[in-house]
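To find a chain, count down the sequence lines: A is the first, B the second, and so on, and within it residues start at 1.
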Amino acid sequence: MLKSFVHSLLKSAWQDFDHNRSSEVIEIEVSRADRPEFGDFTSNIALTSAAIKGMSPRELAQQIINRLPHEGIKRLEIAGPGFINFFLSDEVFQRALRGIILAGERFSQSSHGNGERVQIEFVSSNPTGPLTIGHGRQAVLGDVLASLYSAIGYQVSREYYFNDEGEQVNMLTRSLWARYRQVWGEEEPLPEQGYHGEYLVKIAQNLKERLHKPLPHFDTAAAQLFKEEALSQMIACIKDDLDLLGVQFDNWFSEATLHKSGEVKRALEMLDEKGGIYEADGAIWLAAEKYGGTKDMVLIRSDGRPTYLMVDIAYHINKWNRKFNYVINIQGADHHAQQLNMKAAMRILGYPEDFLTYGLHQFVTVKEQDGVKKMSTRAGRFIELRTMIEDLGKDVVRYFMVARKPESHLELDYALAKQQTMDNPVYYIQYSYTRCASIFRNAGKFIPQRWEEVDLSLITQPVELDIICLLDRFPEVVKEAALTFAPHLVAEYALTLAGKFHRYYTDFRILTADQTLTQGRLALLWGVQSVLRQTLQLLGISAPEEM
RNA sequence: GCGCCCGUAGCUCAGCUGGAUAGAGCAGCGGUUUCCUAAACCGCAGGCCAGAGGUUCGAAUCCUCUCGGGCGUACCA
């Protein structure tokens, strides 16, 4: 990579200058210049170490420059208060492009993760209704994060944890039963806290056709039957919704299995052995506050039933036992306190601090004529994810969901997104890919046997070198996006690259009369298209050959 | 009250491990097509980076406080 190339030059110059190591070790920093007149790369080393060396920054910069090797460098400058600006030679860029072409689809990948196992748990919505736009954001964030982690060399598993036990499920079951009675024409009110959505009516109707019996009594057998039916139908519905979004899970984990296997009980015993629990007011409590939690939390209610946190702790022990090196949970901002308490439990159990991390995201609000509306399932103010995908298409939805940084609120102008789809950045990015494809279709005799062997000596335009510089940055972007839970960086990057390419395409002809020039430019486009394809792949957005 | 997140162009948002003149898209105005797809390109206009202090050679970025918005603070999940 270009950056590490410059870094190595600077390092050798610094070591030469500081050969007696009289001063403390300083970190050598190289960054990409953000203005063309500042060169390709810039370093503030003279600014940060001037005080240590007792020299003025500009004088120090000159000393370093005197010791810099000349190979690969077009020009060096001292600028402003003492920045060292590097202007690289064309050959260095051409070499970088060759490397990008050679790497092909592997260019975004690195071995940072060393094949360590990462589990990413996301969505994990209760199977009590269809997914909403809010779940959609989490689904896309989790899915893209998973792709990013696997790109940087981790072995990734996507997991969905579903609640198939407890009060919510009972409520769902009774709601379905009420709907079932209703489709038989009986006056059966829905439970007050029940699920009022239309979707249960459909399930009830299907059930009627299968059973052919009115089932007047909600007995144990009926409860079991309706529970199984409700759960399996709801999970199928959720899977369908996720499928439309292009999100697929490696594992669906049932909460009920944790109870059946005795893992919940065992988890409590483990916490007890570590001295992390105590009894009070007839309940069993987790001493969370002492370990960084927000406050002590009830694990076992006074009636003997475990709380959600208790079961969740058992679930995380289960994850640990499955030998994941790291687990990441993607959750909405409303779970913040829960996360701190879960972390406290992990500390009590003695798990490494970095075993569990949370990726937090803010909610989606929808803007309509009468102002901003917050999604609320209970108040019936929500838009189903499925509706949105049908309206806007998978690619647009995925882009919208991932284009903002997770910790920002995502305000969606639904009407605008719906009617102005052609002004959408997604199409802008996709079109840049399509343009490349189109040129290759027209290139005919210019298509070389091997792209990596093309003569690049005529690729010297500033725009061209600038594009190579941007391509070169891609692996860094992928890595940063993964490690800092910032998938939006990839979306941002794709947009920038598409913009640079569109401008280049407008200003320069690719297919010319000159064989060498044409092949060189085609090679550049080959690199551009390859990186565009990789960004789209990471985002889960399609890369169309024609539009 | 306490904890976390956010406050940058008219709108939606990047930039925040401090760096040299704060960016993009949309909306507005004005241009570009005998030529590889105009789903594109160019130009104009638009900002006391919520506010006040502090640290620093240097702050949108770090620290403190204030104001404004969201979320949490259950023997709910």
Subject >> ring-ring contact (aromatic ring centres under 6.0 Å, His included) between A:Tyr493 and A:Phe474, intermediate numbers included >> reply: CA-CA 8 Å; A:Tyr493 175 86; A:Phe474 183 50; 5.2 Å; yes

Original post:
How about A:Tyr358 and A:Phe485: are their ring centroids closer than 6.0 Å?
Top reply: no

**OP:** Give the rounded distance in Å between these two atoms: OH of A:Tyr195 and C1' of B:rC76.
**Re:** 10 Å

**OP:** To the nearest Å, give me how far apart CG (A:Leu47) and P (B:rA59) are.
**Re:** 14 Å

Counting any heavy atom closer than 4.0 Å, what does [X] reach on the DNA or RNA strands: base, sugar-phosphate only, or nothing?
X        : answer
A:Thr434 : base
A:Arg305 : nothing
A:Thr42  : base
A:Ala79  : base

Original post:
Does the side-chain ring of A:Tyr428 sit on the six-membered ring of the B:rA39 base, less than 5.5 Å centre to centre and under 30° in tilt?
Top reply: no

Subject >> ring-ring contact (aromatic ring centres under 6.0 Å, His included) assessment of A:Tyr161 paired with A:Tyr315 >> reply: CA-CA 9 Å; A:Tyr161 174 67; A:Tyr315 177 41; 4.0 Å; yes

**OP:** State which of B:rC36, B:rC16, B:rC5 makes the closest approach to the side chain of A:Gln362.
**Re:** B:rC5

**OP:** From the options B:rC36, B:rG15, B:rC75, select the nucleotide whose nearest atom is closest to the side chain of A:Arg509.
**Re:** B:rC36

Original post:
When only distance counts, do a donor and an acceptor, one from the side chain of A:Asp334 and one from the base of B:rG72, lie under 3.5 Å apart?
Top reply: no

Original post:
How far does CG of A:Leu231 sit from OG of A:Ser254, to the nearest 0.5 angstrom?
Top reply: 9.0 Å

